[in-house]
Amino acid sequence: MDDRRVIQIAQPDTGEEEWLALREPLESGWLTQGPKVAAFERAFAERHAVPHALATTSCTTALHLILAALRIEPGDEVIVPAFTWVSTANAVLYCGATPVLADVRRDTFNLDPEDVARRVTPRTRAIIAVHLFGLCADMEAIAAVAPGIPIVEDAACAAGAAWHGRPAGSLGIAGAFSFHPRKSITTGVGGMVTTADSMLAERANMLRNHGASISEEQRHLGPKPYLLADFNLLGFNYRMTDLQGAVGLVQLRKLDRYIDERAARAAWYSEALADLPWLTTPSAPAHARHGWQSYVCMVDEAIAPLSRNAIMEQLLAAGVSTRPGTHAVHMLGVYRDRYGFLPEDFPGARDCDRLSISIPLHNRMDDSQYAQVVAALKSIG
Ligand SMILES: *Cc1c(COP(=O)(O)O)cnc(C)c1O
């Protein structure tokens with residue numbers, strides 16, 4: 001099928017406003033992390049109810065930055081879900097530490113607190129709770145089985161989401177967000193660290209800029225711009241550009257409208273698809289504000305007319321693109337080969353990998369496209 005006629009699984013909503021926002025940094029010539037990034041960080045921190053937000057090059061680098069700032073090192077263990085984007089676990093390996101996988105629940109796709117309890121050891125230094133597809137992980141239940149262990153939020157999919165009224169990114173020791181085009185708001189690529197911990201913020205801020213003791217902006221605007229900063233830590237270059245900061249500011253203003261719109265579409269999907277016995281639509285407890293980054297269902301292959309993959313194939317032929325929700329980390333070559341995992345080691349993650357299906361949900365779809373997705377699903381067979 002002609003690619004332009006296929007309903008895409010996700011599509012960023014960018015246009016005139018984002019285009020115009022690029023003008024100021026391009027004309028001023030301040031292109032690296034500067035005033036636009038600072039304004040984006042302030043607005044993002046305020047929206048997510050945290051005192052500190054630090055923009056990064058991606059969520060992957062935001063996660064690495066948080067773990068480095070927490071001084072995670074070889075010998076340490078960090079618990080991560082077995083069903084998540086691979087970089088959640090990779091960030092732990094970047095520190096030389098050991099990612100300890102824990103299984104997920106098939107109904108929420110998030111960490112199963114009971115399995116987390118089984119994985120805690122005296123070496124556990126942190127837990128990364130992923131808010132997959134925009135639904136926050138059960139933070140209280142995870143904290144209850146791992147008292148005193150810091151919980152880092154992988155909030156890549158959860159900008160604007162909330163749990164018991166508290167925003168994602170303010171629920172753990174620190175949060176990491178993504179602005180990849182498949183996420184709720186985008187800067188092309190990009191990420192953000194949020195935290196209420198001033199010491200952590202200060203370390204992350206230095207590590208993000210090569211370990212420099214003061215930022216370039218401070219140096220330029222300070223009394224002795226000709227002196228270089230001191231470098232006392234082994235840092236990285238994880239700074240966002242001001243071009244991205246300018247786009248992020250515009251996108252952030254639209255975040256709540258985007259989520260409200262997707263929430264209404266998600267509710268419509270769930271009602272329209274309720275009579276398909278082989279498809280389980282996503283659930284969310286009443287106390288969660290789901291960010292609806294993706295609308296991910298589970299296929300019951302015991303009663304479905306076709307396998308999950310054959311359903312995806314037939315949907316594509318009907319002009320509807322779909323994807324598995326995400327992948328099971330233990331079934332990826334890099335982890336399977338390193339640790340000798342078998343699919344059945346994490347049965348929840350295995351099932352989510354094999355049976356989940358993400359259907360189109362984004363802010364550039366119209367009524368007739370949503371209807372087309374439902375009609376295509378109902379004609380499977
Ligand atoms: C997308 C995603 C990431 C990676 O985000 P990038 O900004 O592309 O690095 C990490 N974790 C989860 C759960 C994601 O969905």
Side-chain angles (χ1 to χ4, degrees), residues 9-10 81-85 102-116 129-145 153-168 171 182-184 258-304 308 311-312 315 322-328 346-362 370 373-374 377-378 380:
I9 184 80
F83 184 64
T84 180
W85 187 247
D103 212 353
V104 298
R105 292 175 55 111
R106 293 168 184 82
D107 56 348
T108 62
F109 303 112
N110 283 330
L111 268 179
D112 177 358
E114 284 175 29
D115 201 46
V116 172
V130 178
H131 305 325
L132 207 59
F133 313 134
L135 175 64
C136 289
D138 191 344
M139 297 295 285
E140 298 82 7
I142 297 167
V145 299
E153 299 170 71
D154 179 339
C157 310
W163 187 250
H164 288 292
R166 288 172 57 207
L171 304 168
R182 264 209 72 181
K183 307 303 159 90
S184 298
Y258 286 160
I259 295 177
D260 290 345
E261 205 177 293
R262 290 197 301 261
R265 298 294 191 176
W268 183 81
Y269 262 155
S270 295
E271 207 180 302
L273 297 170
D275 58 355
L276 278 185
W278 52 267
L279 193 75
T280 306
T281 55
S283 61
H287 58 263
R289 187 190 192 224
H290 202 307
W292 294 113
Q293 178 261 338
S294 294
Y295 185 91
V296 183
C297 305
M298 287 286 273
V299 173
D300 183 350
E301 286 193 342
I303 54 172
R308 192 273 314 261
I311 290 169
M312 295 175 86
L315 289 171
T322 60
R323 297 282 184 278
T326 184
H327 43 216
F346 301 92
R350 174 203 59 199
D351 290 353
C352 293
D353 181 291
R354 290 182 177 164
L355 302 173
S356 64
I357 179 169
S358 178
I359 65 175
L361 178 77
H362 58 77
Y370 280 103
V373 174
V374 169
L377 275 161
K378 290 196 171 181
I380 292 293

With [X] via side-chain hydrogen bond (donor to acceptor under 3.5 Å, both in side chains) - residues at least two apart:
X	answer
T322	none
Q293	none
E301	none
W278	none

Are [X] and [Y] packed together at the side-chain level, in the sense that at least one heavy-atom pair is separated by less than 4.5 angstrom?
X	Y	result
C352	V104	yes
I9	S358	yes
R308	P324	yes
F83	D103	no
L279	V299	yes
I142	P113	yes

State which residues pass ring pair (Phe, Tyr, Trp, His ring centres under 6.0 Å) with F133; sequence neighbours excluded, sorted by chain then number.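 If we apply the ring pair (Phe, Tyr, Trp, His ring centres under 6.0 Å) test to F133, skipping adjacent residues, the hits are F109.
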Listed by chain and number, what are the ring pair (Phe, Tyr, Trp, His ring centres under 6.0 Å) partners of H362, not counting sequence neighbours?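 With neighbours one apart ignored, the set is empty.
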By the side chain to side chain donor-acceptor pair (under 3.5 Å) test, which pairs, at least two apart or in different chains, include something from residues 154-164?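 Output for this query lists T88-D154, E140-W163.
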For the atom pair [atom1] ([X]) and [atom2] ([Y]), what is the distance rounded to the nearest 0.5 Å?
X	Y	atom1	atom2	value
L171	E153	CG	CD	4.0 Å
I359	M312	CD1	CE	11.5 Å
L377	C297	CG	SG	7.5 Å
M298	R354	CE	CZ	11.5 Å
L111	T84	CG	OG1	9.0 Å

Quickly, which of T108, D138, L135 forms a side chain to side chain contact (heavy atoms under 4.5 Å, CB included) with P285? Name it, please.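 The option that passes is L135.
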Contacts of R262 that satisfy salt bridge (charged side-chain N to carboxylate O under 4.0 Å, His left out) - sequence neighbours left out: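 Once residues adjacent in sequence are excluded, R262 has no partner under the salt bridge (charged side-chain N to carboxylate O under 4.0 Å, His left out) criterion.
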Can you name the salt bridge (charged side-chain N to carboxylate O under 4.0 Å, His left out) partners of D260, sequence neighbours left out?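 R289.
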Show every salt bridge (Lys or Arg N to Asp or Glu O under 4.0 Å) that has at least one partner inside residues 104-114, sequence neighbours left out.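 Found R105-D107, R106-D351.
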Please list, one pair per line, the donor and acceptor atoms closer than 3.5 Å that link side chains of residues 265-273 to other protein atoms, with sequence neighbours excluded.
residue: R265; atom: NH1; partner: D367; partner atom: OD1; Å: 2.8
residue: R265; atom: NH2; partner: D367; partner atom: OD1; Å: 3.0
residue: Y269; atom: OH; partner: P360; partner atom: O; Å: 2.6
residue: S270; atom: OG; partner: A266; partner atom: O; Å: 3.1
residue: S270; atom: OG; partner: Y295; partner atom: OH; Å: 2.7

Closest heavy-atom pair and its distance - S356, V296: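 Nearest pair, atom of S356 first, then V296: CB-CG1, 3.8 Å.
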If you take all heavy atoms of G291 and A161, which pair is closest and at what distance?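 Residues G291 and A161, closest heavy atoms: N-CB, 3.9 Å.
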Using modelled atom types only, decide if a donor and an acceptor are shared between the side chain of [X] and the backbone of [Y] within a distance under 3.5 Å.
X	Y	value
H131	A155	no
N110	A129	no
R323	I357	no

For A10, what residues pass the side chain to side chain contact (heavy atoms under 4.5 Å, CB included) criterion, not counting sequence neighbours?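 A10 satisfies side chain to side chain contact (heavy atoms under 4.5 Å, CB included) with R182 once adjacent residues are dropped.
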